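Heavy atoms only: backbone and side chains are in, while hydrogens, waters and symmetry mates are out. Given the structure is predicted, the values throughout are model-derived calculations rather than measurements.
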Amino acid sequence: MERLKSHRDFVAVLKRRRRVSREDIVVHYLVHDDAVIGDSTAKRGRRVGLAVSKAVGNAVMRNAVKRRFRVLARKYESALPESCDIVLRAKPSAAHADFLSLEQQIVACFEAVNRKAVRQ
């Protein structure tokens, strides 16, 4: 899974205002239309960006949350639509959530994103 790096990419996903949330995580997503075949961006795969604010905790805690999110996103990326960008935003409670709880929430969120993308 590739990473969202530029501010412009983050803003594009967040402007869409499509999201799924659970107790500790909010998933903002943008599913790309592959209608334009000649476009170089049409073949982009799944990309993930992380948003972990200072409300989550100090730098050590924020980095721990980001590591957990990266591992879980990589593990369950197959549950997402083929061509989409997601931003995983941590709520402050994510700092104290155990790994199993975060894993269940990620799975539920990714499945919800997939269901909603199929309906569109």
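Note on Leu80: it does not cluster hydrophobically with Val26, by side-chain heavy-atom contacts below 4.5 Å among ILVMFWY residues. When the side chains of ILVMFWY residues are joined at heavy-atom separations under 4.5 Å, either directly or via intervening members, Val20 and Phe10 end up in two distinct hydrophobic clusters. Both Leu72 and Val48 sit in one connected hydrophobic cluster of ILVMFWY residues. Membership requires side-chain heavy atoms under 4.5 Å apart, directly or through other members. If you chain together hydrophobic residues whose side chains sit under 4.5 Å apart, Val71 and Ile86 fall into the same group.
Summarising the geometry of Leu50 relative to Lys66, their closest heavy-atom pair is CD1-O, 3.8 Å, with the distance given to 0.1 Å. When all heavy atoms of Arg62 and Gly57 are compared, the closest pair comes out as NH1-O, 2.8 Å. Considering all non-hydrogen atoms of both residues, Phe110 and Tyr76 come closest at CD2-O, 3.3 Å. Closest approach of Leu88 to Phe69, counting heavy atoms only: CB-CD2, 3.9 Å. Residues Arg68 and Ala97 share a closest heavy-atom pair of NH1-O, 2.7 Å. Pairing each heavy atom of Ala79 with each of Asn114, the nearest pair is O-CB, 3.2 Å.
Within the 3.5 Å criterion, the main-chain N or O of Glu111 finds no donor-acceptor partner in the side chain of Lys116. Between the side chain of Asn63 and the main chain of Ala59, a donor-acceptor pair closer than 3.5 Å is present.
Contact of the Val87 side chain with the Tyr29 side chain is not registered, since no non-hydrogen atoms from C-beta on lie closer than 4.5 Å. Residues Leu4 and Val13 have side chains in contact (heavy-atom distance under 4.5 Å, counting atoms from C-beta outward). Between Val56 and Lys91, the closest side-chain pair of non-hydrogen atoms is not below 4.5 Å. Counting heavy atoms from C-beta outward, Val113 and Pro81 have side chains that approach closer than 4.5 Å.
For the pair Glu82 and Arg46, the salt-bridge criterion is met [side-chain N within less than 4.0 Å of a carboxylate O].
Counted within 6.0 Å of CZ on Arg70, heavy atoms from surrounding residues, nucleotides or ligands total more than 12; the atom is thus considered enclosed.
When each of Val107, Asp24, Val65 is checked for a side-chain contact (heavy atoms from CB on, under 4.5 Å) with Leu102, only Asp24 meets the rule.
In this structure, His28 NE2 and Cys109 SG are separated by 10.5 Å, a value rounded to the nearest 0.5 Å.
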Yes or no on side-chain contact (heavy atoms from CB on, under 4.5 Å) for Arg22 and Gln104, after CA distance, side-chain angles and deciding distance? CA-CA 10 Å; Arg22 296 292 181 261; Gln104 292 168 346; over 6 Å; no

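With sequence neighbours excluded, the residues satisfying salt bridge (charged side-chain N to carboxylate O under 4.0 Å, His left out) with Arg47 are Asp9, Asp85.
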